[in-house]
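Just so we're clear, the structure is a prediction, and the values are computed from it rather than from any experiment. Both ligands and their constituent atoms are indexed starting at 1 by order of listing.
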Amino acid sequence: MSDNCLFCKIAHGEIPSRKVYEDDEVFAFHDINPVAPVHLMIIPKRHLASLMETDDSHAELLGKMLTLAPKLAREQGLENGFRTVINSGKGGGQEVFHLHIHIIGGGNIPPMVKRS
Ligand code: 5GP
Ligand code: ZN
């Protein structure tokens, strides 16, 4: 656990969240400021700042997090699909530096990249 990491504190129950899933390695909860009717976050319990800090040793954990995504999405009623977003590093627009996968769905999901 990293001191002063918001998502470490959420994963360890020190800061409350609307939890949807938990096991030994992974925690999932609702985003506090959703951009769509369903907006979940999947995080590893162990601190990992971003995807940029991962290597081969994280392959199993990352696979577990990704395959959890459709299960949680279906539980939230997203039968038609959902968007996953992983912002990585300042250059990727990441704001909370503890790796997280956004699961976004419901309502109207616009194209992610707008071309003019
Ligand atoms: P990022 O921009 O780093 O990919 O996403 C950070 C996300 O964390 C944002 O969508 C933001 O709404 C969410 N967030 C920030 N603080 C909290 C919090 O205290 N609780 C929850 N549940 N989500 C948070
Ligand atoms: Zn952390």
Between [X] and [Y], is any pair of side-chain heavy atoms under 4.5 Å apart?
X      : Y     : result
Leu68  : Tyr21 : yes
Asp23  : Lys64 : yes
Val26  : Pro44 : no
Phe27  : Lys45 : yes
Ile103 : Thr84 : yes
Lys9   : Asn4  : yes
Ile43  : Phe29 : yes

Options Ile32, Leu40, Asp31, ranked by nearest heavy atom to atom 17 (C) of ligand 1, top entry: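 Comparing heavy atoms across Ile32, Leu40, Asp31, the nearest one to atom 17 (C) of ligand 1 lies in Ile32.
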Starting from [atom], find the nearest protein heavy-atom neighbour and note its residue, name and distance.
atom                    : answer
atom 3 (O) of ligand 1  : Glu95 N, 2.7 Å
atom 22 (N) of ligand 1 : His30 O, 3.0 Å
atom 16 (N) of ligand 1 : Leu6 CD2, 3.3 Å

Heavy-atom pairs closer than 4.0 Å: do any link ligand 1 to the side chain of Phe97, the backbone, both, or neither?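 No part of Phe97 is near ligand 1 at this cut-off.
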Would [X] count as a polar contact of ligand 1, with the cut-off being nitrogen or oxygen pairs under 3.5 Å?
X     : value
Gln94 : no
Met41 : no
Ser17 : no

Ligand 1 atoms in contact with [X] (distance to a heavy atom under 4.0 Å):
X      : value
Phe29  : 21 (C), 22 (N)
His100 : 1 (P), 3 (O), 4 (O), 5 (O), 6 (C)
His102 : 1 (P), 4 (O), 5 (O), 7 (C), 10 (O)
Asn33  : 12 (O)
Asn87  : 1 (P), 2 (O), 4 (O)
Gly93  : 2 (O)
Phe7   : 8 (O)

Relative to each other, are the rings of His100 and His102 parallel, tilted or perpendicular (30° and 60° limits)?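 Rings of His100 and His102: perpendicular, as their planes differ by over 60°.
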Taking the Zn ion (ligand 2) as the vertex, what is the angle from ND1 of His98 to ND1 of His47, given to 10 degrees?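 Vertex at the Zn ion (ligand 2): approximately 110°.
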Using ring centroids (six-membered ring only for Trp), state whether His30 and His39 fall under 6.0 Å.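 When the ring centroids of His39 and His30 are compared, they turn out to be at least 6.0 Å apart.
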Return yes when Ile10 approaches ligand 1 closer than 4.0 angstrom through a heavy atom, no otherwise.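 Yes, that is the case, since the closest heavy atom of the residue is under 4.0 Å from the ligand.
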For Ala73, does its backbone N or O pair with a side-chain atom of Glu79 as donor and acceptor, under 3.5 Å?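 Side chain of Glu79 to backbone of Ala73, a donor-acceptor pair under 3.5 Å: no, none is there.
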Heavy-atom closest pair, residues Gly106 and Leu78: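 Looking at all heavy atoms of both residues, the closest pair is N-CD2, 3.3 Å.
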